[in-house]
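As structure tokens, the structure follows; a few thoughts come after it.
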Amino acid sequence: QPIKFSQFLVKDPDRLVVDLEGVEFNAVLQSLPGKISETDPYIKALRAGRFKPGVVRLVIELKAEINPQVFMLKPVGEYGHRL
């Protein structure tokens with residue numbers, strides 16, 4: 001099903017925060033920090049955790065100021081709704 005989300009930027013240090021509604025923290029979300037490469041040009045680190053019941057918060061620590069574009073992708077082939 002489509003993902004309900006909200007986003008905002010935080011300064012000093014630069015971070016992008018994305019709240020995912022109707023989502024429970026699971027092993028897939030827990031594994032996200034390990035998927036960030038040290039050579040990524042924009043992302044320094046990522047944290048994910050339960051913000052409140054039914055809401056998972058992703059905090060993406062950034063290497064530079066960005067102008068994020070967070071949007072939904074419709075299901076295609078074997079992939080469901082994506083953010």
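Not measured: the values here are computed from a predicted model.
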Legend entry - Inter-residue atom distance His81.NE2 - Met72.CE, 0.5 Å rounding: 6.0 Å
Legend entry - Asp12: side chain to side chain contact (heavy atoms under 4.5 Å, CB included) partners, not counting sequence neighbours: none
Legend entry - Shortest non-hydrogen separation from Lys44 to Ile36 and the atoms involved: O-CG2, 4.4 Å
Legend entry - Candidate list Arg57, Gln7, Lys52, test side-chain hydrogen bond (donor to acceptor under 3.5 Å, both in side chains), partner Asp19, passing option: Arg57
Legend entry - Gap between atom CZ of Phe5 and atom CZ of Phe71 - 0.5 Å precision: 9.5 Å
Legend entry - CD on Glu61 to CG on Asp14, rounded to 0.5 Å: 10.5 Å
Inset, instruction - Could you grab the distance from atom CG of Leu32 to atom CZ of Arg47, nearest 0.5 Å is fine? - result: 13.5 Å
Inset, instruction - Say whether Leu16 and Ile43 are linked into one hydrophobic cluster, either directly or through other cluster members, by side-chain heavy-atom distances under 4.5 angstrom. - result: yes
Inset, instruction - Tell me whether Leu73 is reachable from Val18 by hopping between hydrophobic residues (I, L, V, M, F, W, Y) whose side-chain heavy atoms are closer than 4.5 Å. - result: no
Inset, instruction - Taking the side chain as every heavy atom from C-beta outward, state whether Leu29 and Val23 have any pair of such atoms under 4.5 Å apart. - result: yes
Legend entry - Spacing of CD1 belonging to Ile3 relative to CG belonging to Leu83, to within rounding of 0.5 Å: 5.5 Å
Inset, instruction - Determine whether more than 12 heavy atoms belonging to other residues, nucleotides or ligands lie under 6.0 Å from atom CZ of Phe8. - result: yes
Could you pull out every donor-acceptor pair under 3.5 Å between side chains of residues 62-69 and any protein atom, sequence neighbours left out?
{"unit_1": "Lys63", "atom_1": "NZ", "unit_2": "Glu38", "atom_2": "O", "d": "2.8"}
{"unit_1": "Lys63", "atom_1": "NZ", "unit_2": "Asp40", "atom_2": "O", "d": "2.5"}
{"unit_1": "Glu65", "atom_1": "OE1", "unit_2": "Lys11", "atom_2": "NZ", "d": "3.1"}

Legend entry - Sequence-distant partners of Glu21, side chain to side chain contact (heavy atoms under 4.5 Å, CB included), two or more places apart: Lys4, Val55
Legend entry - Side chain to side chain, Leu20 and Leu58, heavy atoms closer than 4.5 Å: yes
